[in-house]
Amino acid sequence: QVQLVESGGGLVQAGGSLRLSCAASGRTFSSYAMGWFRQAPGKEREFVAAISWSGGSTYYADSVKGRFTISRGNAKNTVFLQMNSLKPEDTAVYYCAGRIIGALGSSPGQYGYWGQGTQVTVSS
């Protein structure tokens with residue numbers, strides 16, 4: 001059974017940092033592209049960042065470019081999202097997602113595996 005488990009969310013003041021982690025189990029995700037999405041109350045789920053199976057390619061939403069960094073662990077079954085200079089508008093539930101195809105994707109429909117999400121709240 002495939003499982004993605006996010007951790008690292010919490011409450012932080014504007015300008016602060018958080019590091020989210022996503023651990024994959026039940027399948028070897030080393031050949032999968034991975035992504036982070038977020039969903040704020042009353043809004044649609046939106047793309048945040050993606051990383052290729054090798055970790056050699058990354059892609060970011062314009063709203064987080066220069067502030068967030070996506071990376072993979074050495075075993076490739078762990079994905080991280082380092083979030084710096086956080087803003088109140090970054091407040092959302094953040095989801096980790098896995099895509100069978102190793103190339104980058106920015107649409108939720110391109111990902112077949114999802115975690116339960118972790119709450120990130122940025123206070124002003």
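Along the sequence shown, residues carry numbers from 1.
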> Once side chain to side chain contact (heavy atoms under 4.5 Å, CB included) is applied, do any residues pair with A92, and if so which ones, sequence neighbours excluded?
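Here the qualifying residues are R38, A40, Y94.
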> Could you report the tightest heavy-atom contact between A24 and L4, atom names first, then the distance?
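For A24 versus L4, the nearest heavy atoms are CB-CD2, 3.4 Å.
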> How close do C96 and M34 get, heavy atom to heavy atom, and via which atoms?
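Nearest heavy atoms, C96 then M34: SG-CE, 3.7 Å.
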> Would you mind reporting whether S17 and M83 have side-chain heavy atoms less than 4.5 Å apart?
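Counting from C-beta outward, M83 and S17 never come under 4.5 Å.
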> Could you pull out all residues at least two apart from S107 that satisfy side chain to side chain contact (heavy atoms under 4.5 Å, CB included)?
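Here the qualifying residues are Q110.
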> Do you reckon F80 sits in the same ILVMFWY cluster as L104, going by side-chain contacts under 4.5 Å, direct or chained?
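No, F80 does not connect to L104 through the hydrophobic network.
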> Just checking, R45 and Y95: is the charged tip under 6.0 Å from the six-membered ring centre and within 45° of the axis?
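Flagged: R45 positioned over aromatic ring of Y95.
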> For T58, what residues pass the side chain to side chain contact (heavy atoms under 4.5 Å, CB included) criterion, not counting sequence neighbours?
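Once residues adjacent in sequence are excluded, the partners of T58 under the side chain to side chain contact (heavy atoms under 4.5 Å, CB included) criterion are I51, Y60, I70.
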> Once salt bridge (charged side-chain N to carboxylate O under 4.0 Å, His left out) is applied, do any residues pair with K43, and if so which ones, sequence neighbours excluded?
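Per chain and number, K43 pairs via salt bridge (charged side-chain N to carboxylate O under 4.0 Å, His left out) with no residue.
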> Can you confirm whether more than 12 heavy atoms, excluding those of L11, are under 6.0 Å from its CG atom?
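Atom CG in L11 is crowded, with more than 12 foreign heavy atoms closer than 6.0 Å.
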> Would you say the side chain of V48 lies within less than 4.5 Å of the side chain of L81, judging by non-hydrogen atoms?
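Counting from C-beta outward, L81 and V48 do come under 4.5 Å.
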> Got more than 12 heavy atoms from elsewhere within 6.0 Å of CD, E89?
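Count over threshold, so yes.
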> Go through the steps to decide whether W114 and F37 satisfy the test ring-ring contact (aromatic ring centres under 6.0 Å, His included), and finish with yes or no.
CA-CA 10 Å; W114 291 87; F37 291 77; 5.1 Å; yes
> Going by side chain to side chain contact (heavy atoms under 4.5 Å, CB included), name the residues that satisfy it together with S7, two or more places apart in sequence or in a different chain.
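Testing S7 for side chain to side chain contact (heavy atoms under 4.5 Å, CB included), a comparison that skips the adjacent residues, returns S21.
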> Between E6 and L20, does a side-chain contact (heavy atoms from CB on, under 4.5 Å) hold up when you go through it step by step?
CA-CA 7 Å; E6 304 97 334; L20 305 183; over 6 Å; no
> Taking salt bridge (charged side-chain N to carboxylate O under 4.0 Å, His left out) as the definition, give me every residue that meets it alongside R19, ordered by chain and number, with sequence neighbours left out.
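Partners of R19 under the salt bridge (charged side-chain N to carboxylate O under 4.0 Å, His left out) test: none.
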> Taking the side chain as every heavy atom from C-beta outward, state whether L86 and F68 have any atom pair closer than 4.5 Å.
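Yes, side chains in contact.
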> Charged N to carboxylate O below 4.0 Å: is that the case for D90 and K87?
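Salt bridge flag = no for K87 with D90.
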> Report yes if the side chains of Y113 and I100 come closer than 4.5 Å at any heavy-atom pair, otherwise no.
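A side-chain contact exists here, since the closest heavy-atom pair is under 4.5 Å.
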> Give the cluster check for W36 versus V122: same hydrophobic cluster or not, with ILVMFWY residues linked at side-chain heavy-atom distances below 4.5 Å.
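Both belong to a single hydrophobic cluster.
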> With a 4.5 Å heavy-atom cut-off, do T91 and V120 have their side chains touching?
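Side-chain contact under 4.5 Å: no.
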